[in-house]
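Comments concern the structure below.
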Amino acid sequence: MPTSICPECREEVFVDAETEQGDSVVCDECSATLVVVGLDPIELDLRDETEADDPTAGDDFNSYEYDDNHY
């Protein structure tokens, strides 16, 4: 099983062999949510907390204006 180092606590993190770039993993030692940023070798980075907490992060739904009175 591939491994990498947690950028938060520096402990070894086991990553499933089928993991793809952009997938999330959790460090068993410090419970940090990490994102796979590289595959060969496996590289991990801390997941942006605002992105993890906001399910609409990255969506541009707010950029569309809708006027009920227009239609």
Side-chain angles (χ1 to χ4, degrees):
M1 182 176 288
T3 63
S4 188
I5 301 297
C6 175
E8 183 73 15
C9 68
R10 310 304 297 165
E11 289 295 320
E12 189 173 46
V13 177
F14 294 94
V15 180
D16 188 19
E18 285 81 37
T19 300
E20 296 181 2
Q21 192 167 350
D23 288 353
S24 293
V25 295
V26 176
C27 175
D28 291 333
E29 187 67 29
C30 70
S31 300
T33 302
L34 309 168
V35 62
V36 178
V37 295
L39 294 175
D40 190 22
I42 300 290
E43 294 181 50
L44 302 173
D45 198 3
L46 291 171
R47 168 77 65 190
D48 182 10
E49 290 302 319
T50 57
E51 188 177 304
D53 292 341
D54 183 4
T56 62
D59 292 340
D60 290 329
F61 294 125
N62 295 332
S63 66
Y64 297 105
E65 293 186 24
Y66 180 76
D67 184 3
D68 285 334
N69 298 324
H70 183 69
Y71 295 100

Q: Supply the atom-to-atom distance Glu18 CD to Asp23 CG, rounded to the nearest 0.5 angstrom.
A: 10.5 Å
Q | Heavy-atom check, side chain of Cys30 versus side chain of Cys6, under 4.5 Å | A | yes
Q: Hydrophobic side-chain clustering at under 4.5 Å (ILVMFWY, transitive links): who's grouped with Leu34? Put none if nobody.
A: Val13, Val15, Val25, Val36, Leu39, Ile42, Leu44, Leu46
Q. So, for Gly22 and Arg47, which heavy atoms are closest and what is the spacing to 0.1 Å?
A. O-NH2, 3.4 Å
**Q.** Shortest non-hydrogen contact from Cys9 toward Cys27
**A.** SG-SG, 3.6 Å
Q | Connected hydrophobic set around Val37, excluding itself, where side chains approach under 4.5 Å | A | Val35
Q: Output the distance between atom CD (Glu12) and atom OG1 (Thr3), rounded to the nearest 0.5 Å.
A: 4.0 Å
Q. Taking everything shown except Asp28 itself, do over 12 heavy atoms lie less than 6.0 Å from its CG?
A. no
